[in-house]
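What follows is one structure encoded as structure tokens, with my remarks underneath.
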Amino acid sequence: MNQYWSARARALTPYVPGEQPRDRKFIKLNTNENPYPPSPMALAAIREAACDTLRLYPDPDCTTLRELLGATYGLKPSRVFVGNGSDEVLAMCFQAFFDPDRPILFADITYSFYPVYADLYGLTYREVPLDEHFALPLEPFLEPNGGVVIANPNAPTGRELSLCGIRAILEANPGAVVVVDEAYVDFGAHSAVELIDRYPNLVVVQTMSKSRSLAGLRVGFAMGNEELIAALNCVKNSFNSYTLDRLALAGAEGALRDRDYLRATSMKIQNTRECTAAHLKKLGFVVTDSAANFLFVSHPDVPAKELLDGLRQRGILVRWWDKPRIRDYLRITVGTDQEMQALCVAMAELVGEK
Ligand code: PMP
């Protein structure tokens, strides 16, 4: 940091993404990536798009991709917005829907990018404490506020809030936008997309990074009524006309055309999640109910930091935060059956050593 930094830049505390190791091969269970490759249809489409047309700019309106997303989720393309990963889409939601004079509400334990965006755009926010079981209490969200952001299922806990709860929040806040971040919804949770017709203040954000195995391609999307999508387009077109490149458009379109592949890989991950949860419980772990592609676990006898380090020594990366309330927990991405067996063997050693 030096004299040339703006006051805004000096005041920022950026988000820290999970480690992407370059030096050695780890079993990587730290960033909620999908252990299975992208659909062959996505890869074929990317290969086909890697051709001389790359000299031309991509479609700034992402028309074909929005049409496919609309067909997939039963919405008109005018109700769909796409961006460079759902992180970018979420950032644009913060700019498009929230003002500094009224605080935004989100949970105290949730995706740690939300406070970063709020600070970046000079917004105020209030963190609502989850209860002792990491459930979201509804009452604080029914008070007047400047907007709501809910990760559902939540990260890093994996807990799902029912659609009934989401509806209560939408109904109590007709004058504010409710953003539901469904990054992990395809692993067995219920999507709020079906509520879009009824609630003009609802925005649902999803990503191709997790269930469609395309974290490296950077494609996210938002769905909501036309006025909200117009606000997102207004922000986007004041920033960058071409947020998605030709390869990303082609790959995302290919992935959306392969619904069977999504269903099969998502089922596989859900089965592996349940087997791993049962195994870890047998080892004495407390395992939070998860509707996502990760588990949030704690052991009564062994500190999570010790487990984190022990796993790393055994070639396994998981995620830990040195933060109040969750210091005793690890977030473990669900990998292949083989990877999770290796994790359980390592965990048995680590808790058995006590
Ligand atoms: N929302 C949540 C809750 C997440 O955990 C993540 C992944 N870190 C994202 C959004 C962003 O994912 P992406 O930008 O890859 O779409």
Side-chain angles (χ1 to χ4, degrees), residues 14-20 28-35 38 42 62 65 69 80-94 104 106-118 120 127 130 134 136 148-161 166 178-189 191-192 203-223 232 236 240 243-245 248-249 251-252 255-256 262 269 273 288 290-296 317-321 323 326 329-334:
Y15 173 78
V16 182
E19 180 183 355
Q20 296 292 350
K28 221 179 145 294
L29 308 177
N30 66 333
T31 48
N32 296 344
E33 288 145 328
N34 197 309
C62 307
L65 178 55
L69 283 165
V80 181
F81 174 82
V82 295
N84 186 262
S86 62
D87 278 340
E88 181 185 85
V89 174
L90 287 165
M92 289 182 182
C93 287
F94 275 68
I104 317 161
F106 44 79
D108 63 338
I109 301 165
T110 190
Y111 187 33
S112 44
F113 231 135
Y114 304 154
V116 175
Y117 292 136
L120 176 62
E127 294 183 329
L130 298 182
F134 300 131
L136 193 78
V148 170
V149 186
I150 297 174
N152 199 34
N154 197 10
T157 65
R159 280 207 59 163
E160 181 181 11
L161 175 67
I166 303 266
V178 177
V179 176
V180 182
D181 175 358
E182 295 188 347
Y184 301 102
V185 75
D186 292 330
F187 300 104
S191 174
V203 178
V204 177
V205 177
Q206 293 193 12
T207 178
M208 302 241 160
S209 296
K210 315 293 182 182
S211 58
R212 292 189 178 82
S213 308
L214 289 171
L217 206 63
R218 314 304 304 129
V219 182
F221 49 103
M223 297 169 282
L232 287 171
K236 177 220 151 191
N240 178 1
T243 50
L244 287 196
D245 62 63
L249 289 170
L256 281 169
L262 169 71
I269 288 168
R273 176 185 72 209
T288 309
S290 171
N293 68 335
F294 53 84
L295 291 167
F296 199 52
L317 296 183
V318 299
R319 195 93 200 255
W320 173 75
W321 288 269
K323 280 190 185 168
I326 59 169
Y329 284 81
L330 293 177
R331 190 197 67 190
I332 304 170
T333 304
V334 177

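Read the numbers this way: they start at 1 and go in the same order the structure lists the ligands and their atoms.
For atom 13 (P) of ligand 1, the nearest non-hydrogen atom from the set P156, A155, S86, G220 comes from S86. Scanning N154, D181, I150 for the heavy atom closest to atom 3 (C) of ligand 1 points to D181.
Of all atoms in ligand 1, listed by their number and element, those nearer than 4.0 Å to a heavy atom of K210 are 7 (C), 8 (N). For ligand 1, the atoms closer than 4.0 angstrom to any heavy atom of Y184 are 3 (C), 4 (C), 5 (O), 7 (C). Each of the following atoms of ligand 1 lies closer than 4.0 Å to a heavy atom of S209: 13 (P), 15 (O), 16 (O). Numbered from 1 in the order shown, with element, the atoms of ligand 1 that lie under 4.0 Å from a heavy atom of G85 read 14 (O), 16 (O).
In this structure, a donor-acceptor pair under 3.5 Å is absent between the side chains of N84 and T243. For the residue pair K210 / T207, no side-chain donor-acceptor distance below 3.5 Å is found, with atom types taken as modelled.
The shortest contact between atom 14 (O) of ligand 1 and any protein heavy atom is with R218 NH2, 2.7 Å. The single protein non-hydrogen atom nearest to atom 8 (N) of ligand 1 is Y111 OH, 3.1 Å, given as residue, atom name and distance.
Listed for the R273 side chain is no donor-acceptor partner under 3.5 Å among the backbone atoms of F294.
Taking the centre of each ring, Y15 and Y111 come in below the 6.0 Å mark.
For the side chain to side chain contact (heavy atoms under 4.5 Å, CB included) test with N152, the passing option among I166, D181, V185, V204 is I166; the others fail. Each of W321, Y184, W320, F134 was evaluated against F296; a single residue qualifies, F134, per the ring-ring contact (aromatic ring centres under 6.0 Å, His included) test.
Looking at Y114 next to ligand 1, no N or O pair under 3.5 Å apart turns up.
The shell of residues lying under 4.0 angstrom from ligand 1, judged by heavy atoms, excludes M208.
Counting heavy atoms from C-beta outward, L244 and L65 have side chains that approach closer than 4.5 Å.
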